[in-house]
There are 2 protein chains.
Amino acid sequence: MSSSHTRRRPTHRKGRATLTRESVGRAALDFLGRYGPAELTMRSLATELGVSPRALYNYVEDRRDLITVAAEIFESGWHSPPLDPARWREDLRAFCRELRAHYRRHPGMTTLAYSENITMARHPVMLRNVDALIGLFAQIGLPLQDAYRACMETIRLVAGFVELQDSLHDRPPAHVTPDDLDRLPPPWLRGSPEDLPYLSRTATLEPDSPDTLFDFAVDILVAGIAARLPA
Amino acid sequence: MSSSHTRRRPTHRKGRATLTRESVGRAALDFLGRYGPAELTMRSLATELGVSPRALYNYVEDRRDLITVAAEIFESGWHSPPLDPARWREDLRAFCRELRAHYRRHPGMTTLAYSENITMARHPVMLRNVDALIGLFAQIGLPLQDAYRACMETIRLVAGFVELQDSLHDRPPAHVTPDDLDRLPPPWLRGSPEDLPYLSRTATLEPDSPDTLFDFAVDILVAGIAARLPA
DNA sequence: ACCTGAACACCGTTCAAGT
DNA sequence: ACCTGAACACCGTTCAAGT
């Protein structure tokens with residue numbers, strides 16, 4: 001059993017753990033969470049790993065492939081909470097809440113995946129999450145086709161919210177002041193009040209936190225799905 | 001009236017129309033629609049305009065600013081259809097349908113804006129669209145706060161759908177075959193059937209077109225909003 | 001087998017100089 | 001006033017050569 005093709009791959013080299021496809025992807029996901037998508041370059045990641053840029057190409061085909069690996073590791077890191085048909089409203093809310101939290105732990109992951117045209121959700125763990133959610137909708141009485149659609153819509157709601165709303169609060173652009181974001185109307189919706197009767201009247205309202213807005217979106221979803229259930 | 005500071009800016013130079021901030025932004029938006037976000041670089045746009053890259057910097061501060069101008073022109077190019085509270089369900093559906101079509105006419109506009117952390121929707125025309133939609137929700141009986149939230153959720157639904165669903169069909173990644181996309185389950189949700197009872201059973205269903213999926217999402221929204229109306 | 005260093009073709013952006 | 005051409009510091013990626 002000492003022929004060359006069964007010999008173990010060395011685990012260290014020059015005092016540093018040997019790279020693998022997975023360790024490189026994991027490092028990319030870490031880097032993304034710490035510095036954001038713009039900073040994640042082949043060169044900066046190589047420097048972070050104490051290696052030359054060329055070395056990464058022994059484990060990933062190119063930058064797109066690197067991001068694909070990072071996305072797979074990202075997806076494998078979250079499990080759906082238990083989903084009980086008897087209390088589907090609360091459990092669906094918990095599913096959405098926890099999935100949102102997972103997305104926010106890795107800001108820019110979805111932005112990056114979509115700007116690189118990478119289709120996510122191929123990891124077995126995420127497939128099981130999807131299957132469990134379809135199962136929940138099917139068990140409460142939705143036809144399978146609607147259960148599938150409702151599952152896709154749920155995931156899209158969460159991903160879209162993180163992408164389009166949370167990203168603004170979690171990483172505000174340089175020119176806006178963070179506390180101005182929570183005022184109503186928000187900075188990007190301010191115009192001449194005479195043309196905008198309803199929008200300008202929102203200035204009298206209590207400002208919404210992102211959490212409140214998210215709860216509202218999920219409430220709409222829950223009510224919308226409930227309305228489709230057989231009576 | 002011939003003093004130097006009232007003299008008209010020349011409209012042509014070397015047989016070519018003079019650049020303006022707006023014409024540069026419009027060219028960027030055109031270019032985006034034709035070649036996609038990855039091809040839109042300062043250098044390629046300059047070549048397209050028959051000018052050196054440096055010339056663009058006389059009208060926009062940098063690439064981010066260029067994209068901001070393109071986003072403003074994009075927003076100014078769509079008007080909400082009339083929204084009548086008496087038939088709010090149909091009119092809300094029409095709003096969503098037409099807004100989706102506008103987004104799809106300029107693929108990558110939202111992806112690009114979000115990957116560059118640009119907050120859109122500052123153009124007066126888009127502000128009026130937002131105001132009209134809040135107005136619709138307020139007029140059918142939602143409290144102003146809920147009307148505002150419902151408006152944000154509607155726009156997020158459309159933008160998220162185009163971003164996360166239509167972009168896949170309109171510009172499929174190189175490695176997937178377009179007609180495989182419409183099968184159920186979709187390519188990125190295929191796994192071992194024994195672990196995925198519900199997901200694998202979707203293979204027996206009629207495949208969903210993006211339009212059908214979109215209609216379903218809007219139906220959920222309409223029903224969810226209807227459930228919040230005072231009885 | 002896996003790495004480094006140098007190189008290539010790109011990119012955004014700036015400088016100095018032209019007209 | 002507005003442009004060009006050259007340059008700088010980056011990027012992804014590849015080549016040839018090291019150990």
Side-chain angles (χ1 to χ4, degrees), chain A residues 2-25 27-28 31-32 35-70 112 115-118 174, chain B residues 2-25 27-28 31-32 35-70 112 115-118 174:
Chain A
S2 63
S3 72
S4 81
H5 77 281
T6 58
R7 197 173 44 200
R8 282 273 173 72
R9 194 165 168 282
T11 59
H12 286 75
R13 186 180 174 117
K14 287 208 192 154
R16 197 202 62 230
T18 348
L19 301 179
T20 63
R21 182 172 168 83
E22 205 209 311
S23 76
V24 167
F31 197 92
L32 197 61
Y35 306 110
E39 309 300 318
L40 177 60
T41 68
M42 300 300 278
R43 293 173 121 100
S44 62
L45 183 63
T47 303
E48 173 89 3
L49 291 169
V51 98
S52 86
R54 173 63 181 86
L56 301 181
Y57 288 88
N58 293 320
Y59 305 96
V60 294
E61 291 192 14
D62 51 23
R63 184 176 132 93
R64 233 182 80 90
D65 190 36
L66 173 70
I67 295 168
T68 305
V69 183
L112 203 50
S115 72
E116 296 286 334
N117 243 25
I118 289 163
Chain B
S2 63
S3 74
S4 80
H5 78 280
T6 59
R7 196 174 43 200
R8 282 273 172 70
R9 194 166 169 280
T11 59
H12 285 75
R13 186 177 175 119
K14 287 208 191 154
R16 197 202 63 229
T18 349
L19 300 179
T20 63
R21 182 171 168 84
E22 205 209 309
S23 76
V24 167
F31 197 92
L32 197 60
Y35 306 110
E39 309 300 318
L40 178 60
T41 68
M42 301 300 278
R43 293 173 121 101
S44 62
L45 184 63
T47 303
E48 173 90 1
L49 290 169
V51 98
S52 87
R54 173 63 181 86
L56 302 180
Y57 289 87
N58 293 321
Y59 304 97
V60 294
E61 291 191 13
D62 50 23
R63 183 176 133 93
R64 233 183 80 90
D65 190 36
L66 173 70
I67 295 167
T68 305
V69 183
L112 203 51
S115 72
E116 296 286 333
N117 243 24
I118 288 162

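So that the names make sense, note that chain A is the first sequence line, chain B the second, and so on, each numbered from 1.
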Rounded to whole Å, please give me the gap between [atom1] in [X] and [atom2] in [N].
| X | N | atom1 | atom2 | result |
| --- | --- | --- | --- | --- |
| A:R43 | D:dA9 | CZ | P | 14 Å |
| A:L40 | D:dC11 | CG | C1' | 12 Å |
| A:M42 | C:dC11 | CE | P | 19 Å |
| B:L49 | D:dT4 | CG | P | 11 Å |
| B:D62 | D:dA9 | CG | C1' | 16 Å |
| B:Y59 | C:dG12 | OH | C1' | 19 Å |
| A:R21 | C:dA1 | CZ | P | 19 Å |

[X] near the nucleic acid: base, sugar-phosphate alone, or nothing, with a heavy-atom cut-off under 4.0 Å?
| X | answer |
| --- | --- |
| A:R54 | base |
| B:R63 | sugar-phosphate |
| B:S52 | base |

Please tell me if the side chains of A:L112 and A:L40 come closer than 4.5 Å, counting only heavy atoms from C-beta onward.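 A side-chain contact under 4.5 Å exists here.
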With DNA chain D as reference, determine whether B:L56 or A:R64 sits nearer its 5' end, using the nearest nucleotide of each.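 Taking each residue's closest nucleotide, the earlier one in sequence belongs to B:L56.
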Pairing check on D:dT4: which nucleotide meets the Watson-Crick or G-U wobble criteria with it, both distances under 3.5 Å?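 With both distances under 3.5 Å, D:dT4 matches C:dA16.
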Partner lookup for D:dC11, please. Criteria are Watson-Crick or G-U wobble with both distances under 3.5 angstrom; report none if nothing qualifies.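 For D:dC11, the partner nucleotide comes out as none, under the 3.5 Å rule.
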Report yes or no: does A:T47 contribute a side-chain atom to a donor-acceptor pair with the main-chain N or O of A:R43 at less than 3.5 Å?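 Present.
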Does B:S23 use its side chain to pair, donor to acceptor, with the backbone of B:L19 at less than 3.5 Å?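 Looks like no, no N/O pair under 3.5 Å.
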Looking only at side-chain N and O atoms, does A:N58 come under 4.0 Å of OP1 or OP2 in C:dC3?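 Answer yes for this pair, as a side-chain N or O of A:N58 is under 4.0 Å from OP1 or OP2.
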Compare side-chain N and O positions of A:Y57 against OP1 and OP2 of C:dT4 and report whether any pair is under 4.0 Å apart.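 Result: no.
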Looking at B:V24, B:I118, B:V60, which hits side chain to side chain contact (heavy atoms under 4.5 Å, CB included) with B:D65?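 Single side chain to side chain contact (heavy atoms under 4.5 Å, CB included) partner of B:D65 among B:V24, B:I118, B:V60: B:V60.
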Would B:R64 and B:N117 satisfy side chain to side chain contact (heavy atoms under 4.5 Å, CB included), going step by step from the backbone distance to the final call? CA-CA 9 Å; B:R64 233 183 80 90; B:N117 243 24; 4.0 Å; yes
